[in-house]
Amino acid sequence: MKTISSFQKLVYEATKKIPRGRVSTYFQIAKYIGNEKACRAVGNALNKNPFAPKVPCHRVVSSSGSLSGYAFGKEKKITLLKKEGVMVINNKVEDFKNKLFKIKE
DNA sequence: ATAAGGGCACCGC
DNA sequence: CGCGGTGCCCTTA
């Protein structure tokens, strides 16, 4: 039992909302939660990721489209993204802004 | 309660 | 465009 807080719950919710072939940013999730400044906290929450397979943390990238990191290895993240239709080049998402999914809608 | 860490974002050079 | 420094937030020990 992880005893997660509302914050993390929202993080996972937002992350799960990200459709396949689409990517989002920690910042976007942070805003969805209500604290755009909590971008680090978001990453931390995803890092623990008690819902690993349920939460597609690999669809979450940095504001510049860089993969930044991944609990299972960024290389794995790239592979998953490419398999979902997201072209990843040089550890960065191609057409990032075009594939960017805005959760707060 | 305090200290440190973590998958960030922004600003300046 | 890349690097370094800074600020905010959350979790765990």
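The sequence lines fix the lettering, A, B, ..., with proteins before strands; numbering per chain opens at 1. Computed from heavy atoms alone, side chains included, the values below leave out hydrogens, waters and symmetry copies. Every value quoted in this text rests on a predicted model; they were computed, and no experiment measured them.
A:Gln8 places its CD atom 11 Å from the C1' atom of C:dT12, with the value rounded to the nearest Å. Between A:Phe27 atom CZ and C:dC10 atom P the separation is 14 Å, expressed in whole Å. The CZ atom of A:Phe51 sits 20 Å away from the P atom of B:dG7 (whole-angstrom rounding). Per the geometry, CD1 belonging to A:Ile4 stands 15 Å off P belonging to C:dC10, to the nearest Å. One atom, NZ of A:Lys31, and another, C1' of B:dC8, lie 14 Å apart when rounded to the nearest Å. Atom CG in A:Asn35 sits roughly 15 Å away from atom C1' in C:dT11 (whole-Å rounding). Whole-Å rounding puts the A:Phe7 CZ to B:dG6 P distance at 17 Å. The interatomic distance linking A:Arg40 (CZ) with B:dA9 (P) rounds to 10 Å, in whole Å.
Nucleic acid contact for A:Lys74: none, since no nucleic acid atom lies under 4.0 Å from a heavy atom of the residue. At a threshold of 4.0 angstrom between heavy atoms, the contacts of A:Ser64 with the nucleic acid are absent. No engagement by A:Glu36 is indicated, since no non-hydrogen atom pair under 4.0 Å with the nucleic acid exists. Here A:Tyr26 lies in heavy-atom contact (under 4.0 Å) with a base. As judged by a 4.0 angstrom heavy-atom cut-off over every strand, A:Ala38 is placed among residues touching the sugar-phosphate backbone only.
The shortest distance between side-chain heavy atoms of A:Val11 and A:Ile4 does not fall below 4.5 Å.
Between atom NZ of residue A:Lys102 and atom OG1 of residue A:Thr25 there is a gap of 9.0 Å, rounded to the nearest 0.5 Å. The structure places NZ of A:Lys83 at 10.5 Å from CZ of A:Arg20, a figure rounded to the nearest 0.5 Å.
Residues passing the salt bridge (charged side-chain N to carboxylate O under 4.0 Å, His left out) test with A:Glu94, sequence neighbours excluded: none.
Mapped onto DNA chain C by nearest heavy atom, A:Lys37 and A:Lys48 fall at different nucleotides, with A:Lys37 at the one closer to the 5' end. Comparing A:Ala41 and A:Ser63 against DNA chain B, the residue whose closest nucleotide sits nearer the 5' end is A:Ala41.
B:dA3: Watson-Crick or G-U partner is C:dT12, with both key distances under 3.5 Å. Of the nucleotides present, B:dG12 is the one that pairs with C:dC3 by Watson-Crick or G-U wobble criteria, both distances under 3.5 Å.
Considering only side-chain atoms of A:Ala71, the nucleotide from B:dG7, B:dG5, B:dC10 that sits closest is B:dG7.
Put simply, A:Leu80 and A:Phe101 are part of two different groups of oily side chains (I, L, V, M, F, W, Y) that touch within less than 4.5 Å, one to the next.
The side chain of A:Asn44 contributes no N or O atom lying less than 4.0 Å from OP1 or OP2 of B:dG6.
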